[in-house]
Amino acid sequence: ITPGDALHQARYEDVKRAFLKLAAERGYFDITFTEHELRIDLDAYRAEVILHIDTGARYRFGAVSFEQDREIIAPALLARYAQVQPGDPFSNTALIDLQRALLDSEYYSEAEVTADPKQAQDLEIPVVVRLTARKPSRYTFVLGYGTDTGPRGQLGWERRYLNPEGHHIRAETRLSQIEKSLSTSYIIPIRDPRTDQLAFTATYSQGDTRTANTELR
């Protein structure tokens with residue numbers, strides 16, 4: 001709403017709801033409107049918007065706990081995925097980031113993050129993360145054909161978790177008339193597991209370019 005806009009009651013109500021939504025996302029769950037009204041001057045064809053807000057105190061994050069349907073990852077490693085710490089100001093964005101990081105880890109197919117203000121003590125809201133593990137192995141199989149390679153295939157295997165420390169392994173082989181290759185990687189999450197990994201990789205490749213034809217025009 002800006003000066004000069006036509007008066008719309010629905011837009012005024014939308015503004016009030018937007019304030020409440022933003023406050024909840026930032027952890028102001030006790031927000032109230034101490035004054036909210038439209039003062040209409042029929043002679044001047046003008047309306048004045050009056051909104052007085054008492055945000056109340058900002059809530060903070062409490063303890064973060066993880067519940068796994070199968071305990072595949074150690075709690076200490078899971079805690080390193082959480083960028084929220086007890087005492088940090090509440091932020092809905094931080095909870096979404098935590099959920100996305102856990103799903104991107106490939107360990108879990110579902111991650112439900114709950115922070116209920118009704119459970120708060122001394123303005124600290126406990127965070128509960130419920131996790132559903134993915135199947136331990138994933139297989140990929142691809143067939144194709146190329147004018148230079150002829151029939152070709154690719155077979156991949158991944159073990160998503162080998163131990164509670166989150167180690168995992170990948171292997172891939174490619175076969176065609178002119179190339180045979182095999183690669184394996186053993187991956188260990190370190191420091192910040194969302195971005196930092198230590199990988200040991202071995203690759204074998206055998207190529208035969210004599211069967212490839214190239215025509216220049």
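Since the structure is predicted, the reported quantities are computational estimates derived from the model, not experimental observations.
- Checked against salt bridge (charged side-chain N to carboxylate O under 4.0 Å, His left out), Arg60 has the following partners two or more places apart in sequence or in another chain: Glu124.
- Side chain of Thr34 to main chain of His52: a donor-acceptor pair is present (N/O by atom type, distance under 3.5 Å, no hydrogens or angles).
- Nearest heavy-atom pair across Arg134 and Ser109 is CG-N, 3.3 Å.
- Ile188 and Ile72 are assigned to two separate hydrophobic clusters, defined by single-linkage of ILVMFWY side chains at heavy-atom distances under 4.5 Å.
- Counting only heavy atoms from C-beta outward, the side chains of Ile40 and Leu7 approach each other to under 4.5 Å.
- Expressed to the nearest 0.5 Å, how far OG1 of Thr114 lies from CD of Gln99 amounts to 9.5 Å.
- Atom CG of Leu155 and atom OG1 of Thr140 lie 6.5 Å apart (nearest 0.5 Å).
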Exercise. Could you please spell out the steps behind the side chain to side chain contact (heavy atoms under 4.5 Å, CB included) verdict for Arg194 and Asp104?
Key: CA-CA 8 Å; Arg194 303 176 307 163; Asp104 289 345; over 6 Å; no
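- Residues Ala120 and Tyr59 share a closest heavy-atom pair of CB-CE2, 3.8 Å.
- Looking at Phe33 and Leu20, their side chains come closer than 4.5 Å, going by heavy atoms from C-beta outward.
- Atom CD of Glu35 is surrounded by more than 12 heavy atoms from other residues, nucleotides or ligands within 6.0 Å.
- In this structure, Ser176 and Arg152 approach most closely via the heavy-atom pair CB-CB, 3.7 Å.
- Put simply, the side chain of Thr173 gets close to the backbone of Ser181: a donor and an acceptor are under 3.5 Å apart.
- Minimum interatomic distance between Arg191 and Pro193 (heavy atoms only, all atoms of both residues): O-CD, 3.1 Å.
- Residue Lys16 qualifies as enclosed at atom NZ: its count of foreign heavy atoms under 6.0 Å is above 12.
- Between Arg26 and Thr55 the shortest side-chain heavy-atom distance does not fall below 4.5 Å.
- Follow the hydrophobic side-chain contacts under 4.5 Å out from Phe61 and you never reach Val128; the two are in separate clusters.
- Distance check, rounded to the nearest 0.5 Å: CG of Leu95 to CZ of Phe90 gives 5.0 Å.
- Between the CD atom of Glu13 and the CG atom of Leu38 there is a distance of 8.0 Å, given to the nearest 0.5 Å.
- A side-chain donor-acceptor contact under 3.5 Å links Asp69 to the backbone of Ala133.
- By the 4.5 Å heavy-atom criterion applied to side chains, Tyr186 and Leu162 are counted as neighbours.
- Ser137 pairs with exactly one of Glu158, Arg160, Arg159 by the side-chain hydrogen bond (donor to acceptor under 3.5 Å, both in side chains) rule, that one being Arg159.
- Looking at Arg170 and Glu172, no side-chain N of the basic residue comes within less than 4.0 Å of a carboxylate O on the acidic one, giving no salt bridge.
- Counting heavy atoms from C-beta on, the side chains of Pro189 and Tyr107 come closer than 4.5 Å.
- Under the 4.5 Å side-chain heavy-atom criterion for Ile, Leu, Val, Met, Phe, Trp and Tyr, Phe29 and Leu123 are members of the same hydrophobic cluster.
- Across all their heavy atoms, Thr201 and Ser185 have their closest contact at OG1-OG, 3.2 Å.
- In this structure, the side chains of Tyr28 and Leu22 stay at 4.5 Å or more apart for every pair of heavy atoms.
- Residues Ile187 and Ala199 come closest through the heavy atom pair CG1-CB, 4.2 Å.
- When ring centroids are compared, Phe66 and Tyr81 stay outside the 6.0 Å threshold.
- No more than 12 heavy atoms of other residues, nucleotides or ligands shown are found within 6.0 angstrom of CG on Asp122.
- Interatomic distance, Glu179 CD to Gln177 CD, rounded to the nearest 0.5 Å: 12.5 Å.
- Remark: side-chain polar atoms of Tyr12 are paired, donor with acceptor, to backbone N or O of Glu37 under 3.5 angstrom.
- At least one donor-acceptor pair under 3.5 Å links the side chain of Gln68 to the backbone N or O of Ile73.
- No continuous path of hydrophobic side-chain contacts links Leu182 to Phe200 [ILVMFWY only; heavy atoms under 4.5 Å].
- Following chains of ILVMFWY side-chain contacts shorter than 4.5 Å, one can reach Leu42 starting from Val49, so the two form part of one hydrophobic cluster.
- The pair Arg11-Asp14 does not count as a salt bridge, with every side-chain nitrogen at least 4.0 angstrom from each carboxylate oxygen.
- In this structure, Leu102 CG and Arg130 CZ are separated by 14.0 Å, a value rounded to the nearest 0.5 Å.
- Proximity of His36 to Phe19: side-chain heavy atoms (C-beta onward) are nowhere separated by under 4.5 Å.
- Between Leu78 and Val129, every side-chain heavy-atom pair lies at or beyond the 4.5 Å cut-off.
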